[in-house]
Every structure is written in structure tokens, then in C-alpha cells.
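I have placed the structure first, in the form of C-alpha cells, so that the comments after it can refer back to it.
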Amino acid sequence: MNASNQPVKPAAERAPSYYAASLNFESDYPTLQGSVSVDVAIIGGGFTGIATAVELAERGLKVAVVETHKVGWGASGRNGGQVTGSLSGDAAMRKQMRNTLGEEVDDFIWHLRWRGHEIIKSRVARYGIACDLKHGHLHTAMKASHMDELKATYDEALRRGMESEVTLLDGAGVRSQLGSELYCGALKNTRNMHLHPLNLCLGEARAAESLGALLFEHSEVLEIVHGPRPAVVTTGGRIEAKQVLLAGDVYHKLERRQLKGLIFPAMGGIVTTAPLGELAREINPQDLAVYDCRFVLDYYRLTGDGRLLFGGGANYSGRDSRDIAGELRPCIERTFPQLKGVPIDFQWSCAMGIVMNRIPQLGKLSGNVWYCQGYSGHGVATSHIMGEIMAKAITGDLEQFDTFAACKHIKVPLGDQLGNPMLAAGMWYYQMLEKLR
Ligand SMILES: Cc1cc2nc3c(=O)[nH]c(=O)nc-3n(C[C@H](O)[C@H](O)[C@H](O)COP(=O)(O)OP(=O)(O)OC[C@H]3O[C@@H](n4cnc5c(N)ncnc54)[C@H](O)[C@@H]3O)c2cc1C
């Protein structure tokens, strides 16, 4: 809905999601035609590209963002909307970054963990972005071993002075927060947040535009020209820049020689129910976002208009699931039996970029062409952290970028063919481990 409470018509190419049906406004940026010259050309209009554009434009640089479809068309406009302090690959990061950071590694990761929250909150406030931003999250346990993991996170949060923001709950404690019998405990965290990601992405794009950034939609970049003055080339146009950032995550097929075999698509499905009215307050009276401790987890929250938005599972075939509602309905009814038979109004799926060791991939393709990708299902906060790191790097402060760029990544030979079967085998292995722990 927009300010006059009229539904906004989403562009036809957007997935028919709840998010597309509840836009504040639809974007309408031109197709790139002819030649343009800027300081930085960014490929990809998701959170990574748009957040970096805002950071650079705030620093006074002339930026252009080029997007194949619409701003927020990819995972950034179709995700679960959970903003959590979970950096997917933190264990691997800790191990590898110890080489460059030594004893400082724990502090580095801890501060990084929360940086995305600060950026999103201050950006939403500064640019007046309406995106249903709310605080409150439960990380739920389904068995005793999950509680050990949550207790360790809780203890670290206490050591770091977050006692007013975290509470460890037993089974009865969870039932006081959620109308579900499924869990034996949870970690409640009120620093974590949830939001309408497509409205955030479009709001940030408008913020970048207000700072002078150029945005182009329906403009697929077909080639990056490397050299002292690099360029990005589309069918109808060309942008010359001092620097280029490739931020297409798993959707781009550029620079295969260097990037093939580094990142793989996992398809995630999400549904939203019809508005639940009073039942919404019954199942989730505190309006918390929730996910559980399993490797392949369920995640859910209420939308601004009181629907249950529920996501879960993932398939590693690289293809969309055909019956997402059929797959997720049993999970919803297992969590909330009181929702048995509830109408499902929207279902959609999307690819997320998975990296084998789960460490975001930051690097350089040549002297002035950068890339940043791969948040393995935890990209809402992380993409904003990376936007800041990339903007700093592009403007000469390489410290955090270098720490990430020094991390080693597994490159799967024949990546485009073998990567997904390997990922599927890996996830199967972790699911087996899950059963044993
Ligand atoms: C179902 C699902 C649920 C998720 N839930 C959560 C969650 O609750 N919390 C969380 O933290 N993370 C979640 N994630 C992950 C998160 O959404 C992503 O990590 C993040 O949005 C990635 O942002 P991005 O900008 O890097 O990529 P994207 O948003 O995918 O954007 C990449 C863009 O680049 C464009 N592009 C690609 N190639 C080209 C080209 N050649 N020329 C021009 N443009 C190009 C694409 O069209 C696309 O719009 C979820 C992901 C999925 C799929």
C-alpha cells in the first residue's frame, strides 16, 4: 500500500510475493542507453549494490547502478526479512582471519556481527524509509543439544555487555512468547530485527538517487571491460567508470574464468497466509521473528498486516520448487496446529548464493574491478556490512576488505556442473549430523 492506502501495481516481472503486493512504490528507472561516465559503476540492484551505492554517494562519489530486472528483483526483495547477528560462516571466519588479525579476531567478528543492524537502523531513520522495521527475535531449540549452542551464544552476549538485550528461555519461557509447543527453549534477542526487505531496498535506492546516483533497470550487463578506465556494457549502452563493483550474487554469469565454482544457488521458498486477525496475536503476541537451530531451518514472522510469513527448507537443484505451499504447510501446522487449513495467499521462491565455507567472498578481478558476493542465506544485515566495507575499499581504506579478501575459498572444478550436487551432498551430510546431535 502507498500513503493513500491504494495498492501499488508491482512490475510484472517481480515474483508474485507478499512483498510485491505491498510495495510503498514501484521503481521506474530508465534502461541504460548511450554512454555515461561515473566514478563507480555497480552491477546489481540488490542490497549489496544499492547499499554500496548509498555509502559511496554519501561520500560524494558519482555512482551508477545497473540492474538486469528491477531494483530488489533478486533475493534482496524476496527474503525472510530477518536481520540477525548471525554471520553464516563465523566459525570458518574466526579460523581463517586469525592468520591476519591474531588475537583481535574475536572482537572483529563480534563488532561486524552487529554493524549491519546499525547501518540499517540509521539509514531507515535518516531517509525515512517505511519498511515495518521491528525489534525482537527468537532463536529456538528443538532438542537439548541446540540449547548448548544457544547457551554459548548467550554467555558471549553477557560477556559483551548485552544483558539487557538477551534472555535464555526454557520450554515454558518460549510458550510465554509463542503459541507453539514445538520448542524446548530459545534465545530471545531484542537487538535483532525484522522488516519488509523489498520496501527497504527500494527506499535505499531512492536515497541513493537523492544523493545523485544514477540507476538503470532492464539493463543487463553483458561484459566488463577491464583496463585503466574500466566499463560495463549492456545491449544499448556503456558506462565508463574509474572503478566497477560486481554485486550480482548468484544471479550473474560474468567473469566465469575467475569466479566459476565459487558460489552456488540454493532455492528457498516462502509463503504468507491470509491475514490472521486475532490469531496473529495468539501465535506471536510479541511480534518476534523466529528461526530454529537446525542446519536446514524454518523461519517465520508476522507481516505488517498480520499474516504469517513462513520460509523453510531449501533445494540445491538450482531450480524453483513447484509446490512451495504444499511443502511448507505441514511445517506451519506442526509449529502452530491452530493454523490447520489456513489459506495461503502468496508463495514464491528465490535463489540465494551459497559459499562452501560460508565466508562472504570479497575480491578484485583486476586493478579497479571488485566483486562482493555470497552470504549463504544471511544477507540482509551482511550485505549492508559489506556495502560499507566495499565503499571504504573503493575510497582507499582497505583494512576490512583485505581481511576478507585474504580468506581462502574452495573452488569447485567444473563449478557450474558439479557445484550444486556437491552442495546437496554437503547439506545431506549436515542433515545426517543434525539427526545425531
Ligand atoms: C528465500 C530466501 C530467504 C532469505 N531470508 C533471509 C533472511 O531472513 N535474512 C537474511 O539475512 N538473509 C536472507 N536471505 C539471503 C539474502 O536475501 C541475500 O543474501 C541478499 O539479499 C543478497 O543480496 P545481493 O544484493 O548480494 O543479491 P541479490 O539481491 O540477489 O541481487 C543481485 C542482483 O543483481 C542483478 N544482476 C545479476 N547479474 C546482473 C547483470 N549481469 N547485470 C545487471 N544486473 C545483474 C540481479 O538481477 C539481482 O537483482 C534469504 C534469501 C532467500 C533466497
Side-chain angles (χ1 to χ4, degrees), residues 13-15 17 19 27 32 41-53 64-88 116-117 120 137 192-195 197-198 200-201 204-205 215-224 232-235 239 245-255 263 265-271 289-291 297 299-301 309-315 320-321 324 328 347-355 360-361 371-387 390:
E13 71 212 85
R14 290 202 190 275
S17 71
Y19 296 130
S27 59
L32 177 65
I42 297 176
I43 303 165
F47 281 139
T48 304
I50 298 292
T52 311
V65 179
V66 197
E67 162 59 44
T68 302
H69 303 278
K70 303 289 293 174
V71 166
W73 172 89
S76 301
R78 290 191 247 174
N79 62 58
Q82 302 206 8
V83 185
T84 67
S86 161
L87 300 163
S88 198
H117 297 56
I120 292 171
H137 185 265
N192 285 334
M193 310 185 289
H194 57 100
L195 49 72
L198 183 54
L200 175 62
C201 197
E204 291 186 282
L215 291 104
F216 299 99
E217 297 183 318
H218 301 123
S219 305
E220 180 181 8
V221 172
L222 303 172
E223 187 195 352
I224 301 174
V232 303
V233 182
T234 66
T235 309
I239 303 185
L245 170 64
L246 175 52
D249 202 55
V250 77
Y251 279 104
H252 78 80
K253 291 283 168 269
L254 294 161
E255 302 289 324
I263 181 173
M267 303 306 296
I270 298 184
V271 299
V290 182
Y291 59 54
L297 47 83
Y299 50 94
Y300 55 87
R301 65 188 185 87
L309 181 149
F310 195 104
N315 88 57
D320 282 313
S321 303
I324 300 152
L328 290 179
Q347 55 173 312
W348 67 94
S349 69
C350 188
M352 61 189 100
I354 306 282
V355 172
Q361 295 172 338
Y371 67 92
C372 176
Q373 62 185 23
Y375 316 128
S376 305
H378 294 263
V380 179
T382 314
S383 55
H384 287 78
I385 302 167
M386 296 306 145
M390 293 314 300

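We count ligands from 1, going down the list as the structure has it; atoms in each ligand are counted the same way. Side chains are part of it too, since the values below use all heavy atoms of this structure and drop only hydrogens, waters and symmetry mates.
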Checking side chain to side chain contact (heavy atoms under 4.5 Å, CB included) against Phe216, which of Thr234, Val65, Val71, Ile239 comes through? Ile239
What protein heavy atom sits nearest atom 31 (O) of ligand 1, and how far away is it? Gly46 CA, 3.6 Å
Would one find an N or O of Gly80, backbone or side chain, under 3.5 Å from an N or O of ligand 1? yes
Is there a nitrogen or oxygen of Trp73 sitting under 3.5 Å from a nitrogen or oxygen of ligand 1? no
Any non-hydrogen atom of Gly81 lying under 4.0 Å from ligand 1? yes
At a 4.0 Å cut-off, with the gap strictly under it, does some heavy atom of Gln373 reach an atom of ligand 1? no
Side-chain heavy-atom pair Val83, Val380 within 4.5 angstrom cut-off: yes
If you measure every N or O of Glu67 against every N or O of ligand 1, does any of those distances drop under 3.5 Å? yes
Could you tell me, atom by atom, which parts of ligand 1 come under 4.0 Å of a heavy atom of Val380? 9 (N), 10 (C), 11 (O), 12 (N)
With a cut-off of 4.0 Å, which atoms of ligand 1 are near a heavy atom of His69? 47 (O)
Polar contacts were defined as any N/O atom of the residue lying under 3.5 Å from an N/O atom of the ligand; does this apply to Ser383 and ligand 1? no
Closest protein heavy atom to atom 27 (O) of ligand 1, given as residue, atom name and distance to 0.1 Å: Asp249 CB, 3.4 Å
Lys70 side, atom NZ; Leu215 side, atom CG - distance, nearest 0.5 Å: 11.0 Å
Test ring pair (Phe, Tyr, Trp, His ring centres under 6.0 Å) applied to Trp73 and Phe47, Trp348, Tyr251, the passing residue: Tyr251
How does Leu254 reach ligand 1, if at all, at less than 4.0 Å between non-hydrogen atoms: by side chain, backbone, both, or neither? side chain
Is it true that Phe310 and Tyr300 have ring centroids separated by less than 6.0 Å? yes
Numbering as shown, the atoms of ligand 1 that approach Gly379 to under 4.0 Å (heavy-atom distance): 10 (C), 11 (O), 12 (N), 15 (C), 16 (C), 18 (C), 19 (O)
Closest non-hydrogen protein atom to atom 26 (O) of ligand 1, residue and atom name please, with distance? Thr48 OG1, 2.7 Å
Using a 3.5 Å cut-off on N or O atoms only, is Val221 in polar contact with ligand 1? yes
So do Val250 and Gln373 actually touch side chain to side chain, heavy atoms under 4.5 Å? no
